[in-house]
Every structure is written in C-alpha cells, then in structure tokens.
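See below for the structure under consideration.
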There are 2 protein chains.
Amino acid sequence: MSASQFSTKQRILGAAEALFAQHGFAGASLRQVTSAANVNLAAVNYHFGSKDNLIEAVFRRRLDALNARRHAALAKVEANPAATLEDALDAFIRPALELALDRQGGAAFMRMLARAYAEHDERLRRFLSDNYGHVLREFAVVFHRMLAHLGKEELYWRLDIVAGALTYTMADFGLIKRRAGTSEAAHREYTIEHLVRFAAAGLRAA
Amino acid sequence: MSASQFSTKQRILGAAEALFAQHGFAGASLRQVTSAANVNLAAVNYHFGSKDNLIEAVFRRRLDALNARRHAALAKVEANPAATLEDALDAFIRPALELALDRQGGAAFMRMLARAYAEHDERLRRFLSDNYGHVLREFAVVFHRMLAHLGKEELYWRLDIVAGALTYTMADFGLIKRRAGTSEAAHREYTIEHLVRFAAAGLRAA
DNA sequence: CCCCGTATCAAACGAACGTTTGAAGGATAG
DNA sequence: CTATCCTTCAAACGTTCGTTTGATACGGGG
C-alpha cells in the first residue's frame, strides 16, 4: 500500500495541514483528511478526540518550535546593547521564513496561519494568545524600546500592519518560485533582507 | 413583522455579507443567511440561482463602485504631472477606507474581502481578476513609473506586500474604535495619512 | 372576470458532515 | 496459549448542508 513511513497521527496532521491551508477549517472535511492520509475515518476521533482538537494539534506541532526559535533569537538581540531595529525584525522574521521554506509542509502551515489570522475566530484567537502570546508580547516590549519616539498607540497600530503584512507575505512565499540560478539559502537571505528593510522603513517612517 | 424596508434581494445580500465576513463562505450556511435576512430559505436559489452566485453578487454590489472610484481617483493622479507616489497611494487607499468606514455594512465587506484574499480560492481569484483586475493593472503601471529605480520583479513583490498589508489593515478598521473626541472625518484622514506614509516608506526603501 | 408572470412558502430531496459503535487485528507480557 | 491493551476497520448514527418541488398568494393587463 501507499502508506508512508510516518505514523497514523503524523499522517493525519500532515494531510490536515495541507487541506486546511487549501480549503479552510470549515471547508476541509475529515473524510478528505483521512482519505488523503490513507487512514480510516474514525482515526481522527480516536487519536485527537474531535475536529477542533485536531486543528489545535496542527498548530501546536509547528508553533511550539517556531515560538521557541523566535524567543531564542530575541534573547540574543536583547543581550546585545548595539542591536538595531533590523536585528529585532530579523529575530521575528527569520524563524518564520525558514519554516515557510522548509520541505515538510511548512509552506502549507504558513498559509493556514494566514487564513486563521484573517478569520478572526474567537476560539482560535484565544488558543493562540494563551499558548503563544507571551513571546509576541516580548517582541512588543523590544520594539517599544527601539521606537521610543512613537506613542504607544501609534506603535501598536504600526505593529499590527507589519504583522499582517508579514503573515500575508510569508504565506505566499511557499508559492512563489525563486529566481532561476539562485540557491535556496541565497533566496532565503534575499527575502529576509528585503522583508526586514521593508518593515523597518514602515515602522520608522516619520 | 420585522421585515426591513429593503427588498428581499437586498436583505439577503446584506445578511450574507455580514455572515460571510464572520464565518467565511463555507462556514456560513444559507439557512443562517435567510434566517438573518428574514426571508424564506428558497429565496436565495430563486433570486440568485446558487450559493456561489450569491457570493459573486455580494462582491459585485460593492466592488463595482469601489473600482470606479479608484479608477477616477487614479485618472486625476495621471492628469497631474506633479503627482507624487503618495498621491497614487491615496487614490488606492482612500476609496477603500471610505468603504470600510461607512455605516452600511462596508466594514463587514472589507473583512470578507480580506478573508477571500487569504483563501487563494482559484474560482474566486479568477472572478475578481476578470471583473476588477484591469484597474489594479492601471495602478501597477503608475507605480512602475513612479518607482522606476526598482526592477520589475522587485516592484511587484513590494506591491504584493503593500496590497496584503493594506487589505489586512483596512479590514480591521471597522473593528477598531477611534480615539475619543475625534470626528469620523478626522479619524479617516488620520488613518489615510498614516497608511499612505507607511506604504510609501516601504515602497521607496532603498 | 380570468389569466399570467412574479414572489413567497413549507416541505422534502439526496448528499455530505462530525461523531459513535462494536467487532476484528496485532503485538506484547505473563 | 491466553489475556490484555492499543489500534484499525466498516458501518451506522443523527444533523445539517445546498438545492428542488409544488402549492399558494398577489397584482395589474386582456
């Protein structure tokens, strides 16, 4: 049979991620997911309990690592007295972009994340805020220190735009083919550099 | 009865817009829509033919006017030899923000638009591109002239970010309460000015 | 008056949904 | 070998979905 080397749980998570990215949480059915994962329909409820729990598990699988890497990168920025706004933005962007460009469904995950961001679903927002909000708040503190000339209201409003722009853009990156003749590493650095410059210009604008 | 002053068709369009914004196209059912609109379930298929046609009608009702206003504003920019990048961005942003801040469901429409943008649905993309893409291409030409120092690839990529950021942000504006003591007009101008400056800084960044 | 096109209605259609059930497999420990 | 636990399976549960149907009411033009 075509069952892959991965466990039932992992196959479900991978298929769900891809289908949620493509059709949304309401639009992708458990029958589509289990069929794509080559597992029985009942396996979802056996391993995850419910569709909602499956959705949370799909987030958790990637966000635990992403959040940890962002946190570590930000800690290095905070330890460096000469760190710039660009360094802080790099700490935010680089882990996400590396995830978006990996070969194991990371691109699908970023598209799913962008959809979730746009959905404004209250249950999902609370889940994300409760489990991963603290790192984002750490970033907000650092940005506040680096952009002290902006009022708190003005800063939050700009961070909102930047976060939205970055989420949108990185979600698209898995889809954009890179320029011919460039290595993946070069493509990643090129992209990060431009995203950082773009975001920094917007945040600093008088 | 509580039937409003509007026709059955208009009541369906209004209810669908609000519910699509909140729950998405797959997540909002025709039973929810017709119940909120106080019309019979069969009215949707009678007046619009299908759910997909209803979705297109909801877009058409707002986008015809929005696109026309953007086109007119851009024509003024093109007629003015001294026009700046900020003027062109204003022509793009102002009509959308006025729509987002109107009192007749415009905020819901912008949220719906942002969701559609994030969904990457092929059918919907083709519908939007076929019906409203020509004005966006006109904007691209103007931006290309005003940012001649950027390569074509670089320009498109930045426009992509800016369009995403603006879509996201304007979708949120209907939800953000304005600062106390400011008139709606002042709030709108304040917002437009900052969005324009933010976008211009990102587009021009070296 | 009757007719006819428009509009609304309750009711039902088959299909697809998330979830549950109970039996069958398959590995491991005693 | 038997007993036990974890996993998988086909089948069915009740609900909700988009859509269709046929009857009913309404409103001018012949």
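Below, chains carry the letters A, B, ... as their sequence lines are ordered, and counting in each starts from 1. Values below: all heavy atoms of this structure, side chains included; hydrogens, waters and symmetry mates excluded.
At the phosphate of dC6(D), neither OP1 nor OP2 sits under 4.0 Å from any side-chain N or O atom of His47(A). For the OP1/OP2 pair of dA10(D) and a distance below 4.0 Å, the side-chain nitrogens and oxygens of Asn40(A) include at least one atom meeting the criterion.
Within 6.0 Å of atom CD in Glu189(A), more than 12 heavy atoms from other residues, nucleotides or ligands are found, so the atom counts as buried in its surroundings.
Within the nucleic acid shown, Ala43(A) has no heavy atom closer than 4.0 Å to any nucleic acid atom.
Note: CG (Asn38(A)) to P (dA10(D)) measures 12 Å, nearest angstrom. If you measure from atom CG of Asn45(A) to atom P of dT8(D), you get 14 Å, rounded to the nearest angstrom. Rounding to whole angstrom units, OH of residue Tyr46(A) and P of dA10(D) are separated by 17 Å. Counting to the nearest Å, the P atom of dT7(D) and the CZ atom of Phe48(A) are 12 Å from each other.
Closest to the side chain of Ala42(A), out of dT19(D), dT21(D), dC9(D), is dC9(D).
Residues Trp157(A) and Thr191(B) meet the side-chain proximity criterion, which asks for heavy atoms closer than 4.5 Å.
Ring-centre distance between Tyr132(A) and Phe59(A): not below the 6.0 Å cut-off.
If you check dG29(D) for Watson-Crick or wobble pairing at under 3.5 angstrom, you find it has no partner at all. Nucleotide dA27(C): paired with dT4(D) (Watson-Crick or G-U wobble, both distances less than 3.5 Å).
When each of Arg69(A), Arg70(A), Arg62(A) is paired with Glu98(A), the salt bridge (Lys or Arg N to Asp or Glu O under 4.0 Å) condition holds for Arg69(A) and for no other.
The pair Arg61(B)-Glu17(B) meets the salt-bridge criterion, since a charged nitrogen lies less than 4.0 angstrom from a carboxylate oxygen. A salt bridge is absent between Arg94(B) and Glu193(B); no separation between the charged side-chain nitrogens and carboxylate oxygens falls under 4.0 Å.
Read 5' to 3', the first and last nucleotides of DNA chain C with an atom closer than 4.0 Å to a heavy atom of chain A are dC17(C) to dT21(C).
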